[in-house]
Enquirer: 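Questions regarding the structure given below will be posed in turn.
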Amino acid sequence: MTLAAQIRLAAEDALKHLFPETEIPAGTITVNQTKPEFKGDYTIVLFPFLKLLRTKPDVLGNQLGNYFLEKTDLFTEFQIVSGFLNLTVRDNYWSSFLQNHFNDPHFGEKPKHDHRVMVEYSSPNTNKPLHFGHLRNIFLGYAVGEILKANGQQVVKANLVNDRGIHICKSMIAWQRYANGATPESLNTKGDHLVGDYYVKFNDAYKAEVSGLVSEGMDETVAEKEAPIMKEAQEMLRKWEANDPETKKLWETMNGWVYEGFHISYQRLGVDFDKWYYESDTYLLGKTIVEEGLRKGVLFKKEDGSVWIDLTDEGLDQKLLLRADGTSVYITQDLGTAKLKFNDYKLNQSLYVIGDEQNYHMQVLKLILKKLGEPCADGIYHLSYGMVELPTGRMKSREGTVVDADDMMDEMIALAKEQTEQAGKTEGFTQEELDKLYETIGMGALKFYLLRVDPKKKMIFDPKESIDLHGFTATFIQYAHARICSILRKEGCPLKPDSTKFQSLVLSQPLAPAEKMLALIIEQYPSILETAAQEYNPSAMCNYSFQLAQQFNSFYDEHSISKAENEEKKQFRLLLIIMTASVLRHAMNLCGIRLPEKM
RNA sequence: GGCCCGGUAGUUCAAUGGAUAGAAUAGGAGUUUCCUAAACUCUAGAUACAAGUUCGAUUCUUGUCCGGGCUACCA
């Protein structure tokens, strides 16, 4: 149990003893870290109890404080400052805490339990390569999955590939028209980029045909429907749905190219999936659910035969579920897929990492399932995140302002190389080690940059200046970690040392503020990890890791480890930095960020 | 029009209803005979506006203003 939780329990216990008549409502006990300008380590806020217990802050503070000193072994003293009870934690608490946990590479994790959750993320279309906006989704989904795992949940990471539809047909048509049989091999291109290029070519040709028709006097909206290339694409989609062998073959070939490209990108991004769903398998699902809904009277049929649900009670509109011709729409297949997921894995919960422009869609999806009485409805959670925008606004493929994901990775790694060389830190590395280091630094910076912000907030990305390797970055944390490793190497102390070595440590001298603060921050890690899981928020891990690295740097500057004042101090500080490194590694690893031992 | 989300230093981000609103970066001033200066120390700078609830509001409620998203028989 974390110290803050222990203090909360102790306070609860004290209040029960001191005021047996009064019931203290849950949640009224607030325990905070003491502000640096006051003496003490943790603070209990007294205000909420004053009215309830009809007492004064000084009186209550003294009662509580004395009770703690008498009944627990946690504190050495307390101060009362205007309604706040500031508690000073016994130094030996920190040393024994470190001795108990420094050797545990899983510090902060929770035991496994049988809560099954699926995290669906990435879910790309197969008509174009991944871009910068997708990266936020991918890192977020991966990190949330890992964070939930560390909290003991059974996680299935899933990718639902949108592999069919008119957009894919557009690429196929353009390829047929213009490619002359070109393949990724013949052009020496990544397959996803090749297919994306023909998607762009389609749009160019389409635009040209429309403006041609307009100049011949056709109305623009009519021209948009009548352009031959668009009609070809629609015809191709019909053939696909009719299982035309030739169309299917081309579709399989081109999708195959895209998957090869995606797999390279995913591997480089360091993310993985336990389950792949393909829309070509799932797009017909959902119709049976609709039929059942009709039988139950939850849905209704209009005169033309189309099927609807009325959500006006919930402040929403009526929503179409089946067209008049009986074909399904987007949300119909989502209903089916939602149920499929729960059946496949007996899930308790199903997370969808999807951009916030689909908030309404996801709300409707959940609501419909609820109205249909599907048990999976309650487990559905939309992990909504804000768009990544450029200073000039949204990225638009039509305007060519999309930042390609592969390019972005290359640029970051190049930046890492440049900065490392500039700082003259390449000595003592082989070329192979250097390349690995640049990748670690570049990818780390990219991931941290996208994860450090609260997911639900939209973020602005300025390709020219946004990404820095100084300040609130992964590099800062990586550097602190490398420094620790360097010290440990020189001290002949392995990263995961023998736990018997430090067992005899007893403090005879008071801890310096920088030492104590570092231990205090480390001790909070389990509660940070828990909160990050509850809120599905990896930015908590980033903020925390940065704070920890920052405190380490201050400590490092002020106190020497190798030349500590005496052996006792040296032992304590070694424990401190071993655990600092271990927690940093753990926290960043959950975000997919690696920390080098040397940089 | 309706619904949803956001508005905090010049900029990018923090702050379970708690003390004098924290960082980073850009700006100013310093630190290297000593474990990695990709670091450290000091300095200056912000809650859009107005009411309300509260001992206490960046946080909760309402209204106004600004920005974004959604509101398809597209996926």
Side-chain angles (χ1 to χ4, degrees), chain A residues 27 30-32 34-38 43 45-48 50-51 57 81-84 86 125 127 162 164-168 279 283 302 304 306-308 314-317 319-325 327-331 333-334 355-361 363-364 384 386-387 389 393-394 416 419-420 422-423 425 441 449 452-454 456-462 465-466 468-473 475-476 478-480 482-491 527 531 534-535 539-540 542-543 546-547 549-550 552-564 573 577 598-599:
Chain A
T30 308
V31 177
N32 291 330
T34 304
K35 299 263 169 203
E37 53 269 35
F38 300 99
T43 296
V45 186
L46 299 174
F47 292 112
L50 301 182
K51 211 182 244 177
V81 186
S82 62
F84 297 91
N86 297 334
N125 291 355
N127 63 324
N162 186 0
R164 51 138 252 133
I166 189 73
H167 44 289
I168 284 98
E279 219 179 89
Y283 82 109
K302 286 197 176 170
D304 62 0
S306 57
V307 179
W308 297 72
E314 320 287 334
L316 305 173
D317 300 325
K319 191 89 191 166
L320 177 91
L321 296 184
L322 279 184
R323 295 189 184 102
D325 62 7
T327 55
S328 45
V329 290
Y330 184 47
I331 200 153
Q333 53 176 297
D334 271 4
D356 62 6
E357 77 274 13
Q358 297 216 36
N359 283 355
Y360 180 75
H361 175 82
Q363 193 191 352
V364 169
S384 167
M387 293 283 103
E389 293 180 7
R394 286 178 79 165
Q419 303 257 322
T420 306
Q422 221 169 59
K425 302 221 174 196
I441 295 172
Y449 180 80
R452 66 184 192 180
V453 183
D454 184 339
K456 68 171 176 288
K457 292 199 178 179
K458 71 173 182 203
M459 55 185 296
I460 294 166
F461 167 66
D462 186 340
E465 19 187 291
S466 280
D468 196 345
L469 301 184
H470 302 273
F472 186 28
T473 63
T475 316
F476 184 94
Q478 289 169 328
Y479 182 62
R483 274 176 144 182
I484 293 174
C485 293
S486 169
I487 298 168
L488 295 177
R489 270 196 302 275
K490 288 187 177 154
E491 289 299 317
S527 74
T531 311
Q534 278 163 358
E535 296 173 358
S539 78
C542 296
N543 282 308
F546 180 69
Q547 190 200 355
Q550 216 174 18
F552 165 76
N553 279 332
S554 297
F555 158 80
Y556 172 89
D557 201 61
E558 205 174 326
H559 304 287
S560 174
I561 289 111
S562 63
K563 292 182 184 159
R573 287 176 191 166
I577 65 168
K598 216 166 90 177
M599 70 186 275

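Because the structure is predicted, anything quoted here is derived from the model rather than measured. In what follows, chains carry the letters A, B, and so on, assigned in the order in which the sequence lines appear, proteins first and then strands, with residues in each chain numbered from 1.
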Enquirer: Checking A:R573 side chain against A:A564 main chain: does a donor-acceptor pair fall under 3.5 Å?
Expert: no
Enquirer: Write down the distance separating the P atoms in B:A38 and B:C34, rounded off to the nearest Å.
Expert: 15 Å
Enquirer: If we call it a pair only when both distances are under 3.5 Å in a Watson-Crick or G-U wobble match, what pairs with B:A72?
Expert: none
Enquirer: For B:A38, give the paired nucleotide (Watson-Crick: N1-N3 plus N6-O4 or O6-N4; G-U: N1-O2 and O6-N3; both under 3.5 Å), or none.
Expert: none
Enquirer: Would one find more than 12 heavy atoms of other residues, nucleotides or ligands at under 6.0 Å from atom NZ of A:K598?
Expert: yes
Enquirer: Round to a whole Å and report the spacing from CG of A:L46 to C1' of B:C55.
Expert: 13 Å
Enquirer: Determine the interatomic distance between C1' on B:A23 and the same-named atom on B:C40; round to the nearest Å.
Expert: 16 Å
Enquirer: Quick one: is B:C74 close enough that its OP1 or OP2 comes under 4.0 Å of any side-chain N or O from A:R323?
Expert: yes
Enquirer: Give one of base, sugar-phosphate or nothing for A:Q422, where a contact means two heavy atoms less than 4.0 Å apart.
Expert: nothing
Enquirer: Is the backbone N or O of A:K319 less than 3.5 Å from a side-chain atom of A:D317, with the two atoms forming a donor-acceptor pair by type?
Expert: no
Enquirer: What's the gap between B:U36 and B:A19 when it is taken at their C1' atoms, as a whole Å value?
Expert: 39 Å
Enquirer: Return the CG to OG1 distance between A:N86 and A:T34, rounded to the nearest 0.5 Å.
Expert: 4.5 Å
Enquirer: Contact class for A:D304 (heavy atom, under 4.0 Å): base, sugar-phosphate, or nothing?
Expert: base
Enquirer: The side chain of A:Q333 is closest to which nucleotide in this list: B:A75, B:U12, B:C40?
Expert: B:A75
Enquirer: So how far is it from A:M387 CE to A:K458 NZ, rounded to the nearest 0.5 Å?
Expert: 11.0 Å
Enquirer: Scan A:F38 against the nucleic acid and name what it touches under 4.0 Å (heavy atoms): base, sugar-phosphate only, or nothing.
Expert: base
Enquirer: For the pair made of CD1 in A:I331 and P in B:C74, what is the distance, rounded to whole Å?
Expert: 14 Å
Enquirer: To the side chain of A:R483, which of B:A37, B:G6, B:A14 is closest?
Expert: B:A37
Enquirer: With a 4.0 Å cut-off on heavy atoms, is A:Q550 in touch with a base, just the backbone sugar-phosphate, or nothing at all?
Expert: sugar-phosphate
Enquirer: Can you tell me, in whole Å, how much space there is between the C1' of B:C73 and that of B:A15?
Expert: 47 Å
Enquirer: Of all the nucleotides listed (B:C13, B:U20, B:C55), which has the minimum atom distance to the side chain of A:K51?
Expert: B:C55
Enquirer: Base, sugar-phosphate or nothing for A:F476? Non-hydrogen atoms, less than 4.0 Å.
Expert: sugar-phosphate
Enquirer: Distance between the P atoms of B:A57 and B:C65, in whole angstroms?
Expert: 26 Å
Enquirer: Indicate whether OP1 or OP2 belonging to B:G68 is found under 4.0 Å from a side-chain N or O atom of A:K458.
Expert: no
Enquirer: When we call it a touch if two heavy atoms are under 4.0 Å apart, what does A:D454 touch: a base, just sugar-phosphate, or nothing?
Expert: sugar-phosphate
Enquirer: In whole Å, what is the span from the CG atom of A:L321 to the C1' atom of B:A72?
Expert: 14 Å
Enquirer: Counting any heavy atom closer than 4.0 Å, what does A:S82 reach on the DNA or RNA strands: base, sugar-phosphate only, or nothing?
Expert: nothing
Enquirer: Measuring to OP1 and OP2 of B:U25, would you say a side-chain N or O of A:H470 lies under 4.0 angstrom away?
Expert: no
Enquirer: What's A:N553 touching, base or sugar-phosphate or nothing? Going by heavy atoms closer than 4.0 Å.
Expert: sugar-phosphate
Enquirer: Select one nucleotide: of B:A38, B:U36, B:C34, the one nearest the side-chain heavy atoms of A:K598.
Expert: B:U36
Enquirer: Could you measure between the two C1' atoms, the one in B:U8 and the one in B:A21, and give it in whole Å?
Expert: 8 Å
Enquirer: What nucleotide among B:G18, B:C73, B:C55 has an atom nearest to a side-chain atom of A:V329?
Expert: B:C73
Enquirer: Would you classify A:K456 as touching base, sugar-phosphate or nothing, given that sugar-phosphate means primed atoms plus P, OP1 and OP2, and contacts are heavy atoms under 4.0 Å?
Expert: sugar-phosphate
Enquirer: Looking only at atom P, what distance separates B:C3 and B:U54, rounded to whole Å?
Expert: 28 Å
Enquirer: Does A:M387 reach a base, just sugar-phosphate, or nothing at all? Heavy atoms under 4.0 Å.
Expert: nothing
Enquirer: I'd like to know if the side chain of A:T531 and the backbone of A:S527 have a donor-acceptor N/O pair within less than 3.5 Å.
Expert: yes
Enquirer: So if I take every side-chain heavy atom of A:N359 and compare against B:C4, B:C73, B:A19, which nucleotide ends up nearest?
Expert: B:C4
Enquirer: Measure from the side-chain N and O atoms of A:T420 to the backbone N and O of A:A416, and report whether any donor-acceptor pair falls under 3.5 Å.
Expert: yes
Enquirer: For A:V453, report the nucleic acid contact type (base, sugar-phosphate, nothing); a contact means any heavy atom under 4.0 Å.
Expert: sugar-phosphate
Enquirer: A:M459 CE to B:G67 C1': how many Å, rounded?
Expert: 17 Å
Enquirer: Does a side-chain heavy-atom distance below 4.5 Å link A:V45 with A:F84?
Expert: yes
Enquirer: Which nucleotide sits closest to the side chain of A:F472: B:A38, B:A24, B:C40?
Expert: B:A24
Enquirer: According to the 5.5 Å centroid and 30° plane-angle thresholds, does A:F47 stack upon the nucleobase of B:G18?
Expert: yes
Enquirer: From the options B:A75, B:G67, B:U36, select the nucleotide whose nearest atom is closest to the side chain of A:N162.
Expert: B:A75
Enquirer: For residues A:I577 and A:Y556, determine if any side-chain heavy atom of one lies less than 4.5 Å from a side-chain heavy atom of the other.
Expert: no
Enquirer: Determine the contact category for A:S539: base if any of its heavy atoms lies under 4.0 Å from a base atom, sugar-phosphate if only primed atoms, P, OP1 or OP2 are that close, otherwise nothing.
Expert: nothing
Enquirer: Can you identify which nucleotide, out of B:U36, B:C70, B:A39, has its nearest atom closest to the A:S486 side chain?
Expert: B:U36
Enquirer: Once you round it to whole Å, what is the distance between P of B:A39 and CD1 of A:I561?
Expert: 18 Å
Enquirer: Is the phosphate of B:U12, meaning OP1 or OP2, less than 4.0 Å from a side-chain N or O of A:K457?
Expert: no
Enquirer: Just how far, in rounded Å, is C1' of B:U36 from CD1 of A:I487?
Expert: 9 Å
Enquirer: Return the pairing partner of B:A24 with a 3.5 Å limit on both distances, Watson-Crick or G-U wobble; otherwise return none.
Expert: B:U11
Enquirer: Establish, with yes or no, whether the OP1 or OP2 oxygen of B:U36 is under 4.0 angstrom from a side-chain nitrogen or oxygen of A:K490.
Expert: yes
Enquirer: Is any side-chain N or O of A:Y479 closer than 4.0 Å to OP1 or OP2 of B:A38?
Expert: yes
Enquirer: With heavy atoms under 4.0 Å as the rule, sort A:N127 into base, sugar-phosphate or nothing.
Expert: nothing
Enquirer: B:A57 pairs with which nucleotide, Watson-Crick or G-U wobble, both distances below 3.5 Å?
Expert: none
Enquirer: Please measure how far the P atom in B:A44 lies from the corresponding atom in B:U59, and state the result in whole Å.
Expert: 27 Å
Enquirer: Where the side chain of A:R164 is concerned, which of B:A37, B:C73, B:A75 is the nearest nucleotide?
Expert: B:A75
Enquirer: Let me know the distance between CD1 of A:I460 and P of B:G69, rounded to the nearest Å.
Expert: 12 Å
Enquirer: Mark this stacking check for A:F84 against B:A19 as yes or no, applying ring centres under 5.5 Å and ring planes under 30°.
Expert: yes
Enquirer: How would you label the contact of A:H167 with the nucleic acid (heavy atoms, under 4.0 Å): base, sugar-phosphate, or nothing?
Expert: sugar-phosphate
Enquirer: What is the distance from NZ of A:K35 to C1' of B:A21, rounded to the nearest Å?
Expert: 8 Å
Enquirer: Quick check: does any side chain N or O of A:D325 sit under 3.5 Å from a backbone N or O of A:T327, one acting as donor and the other as acceptor?
Expert: yes
Enquirer: Under 3.5 Å, is there any donor-acceptor pair linking the side chain of A:T43 to the base of B:A19?
Expert: yes
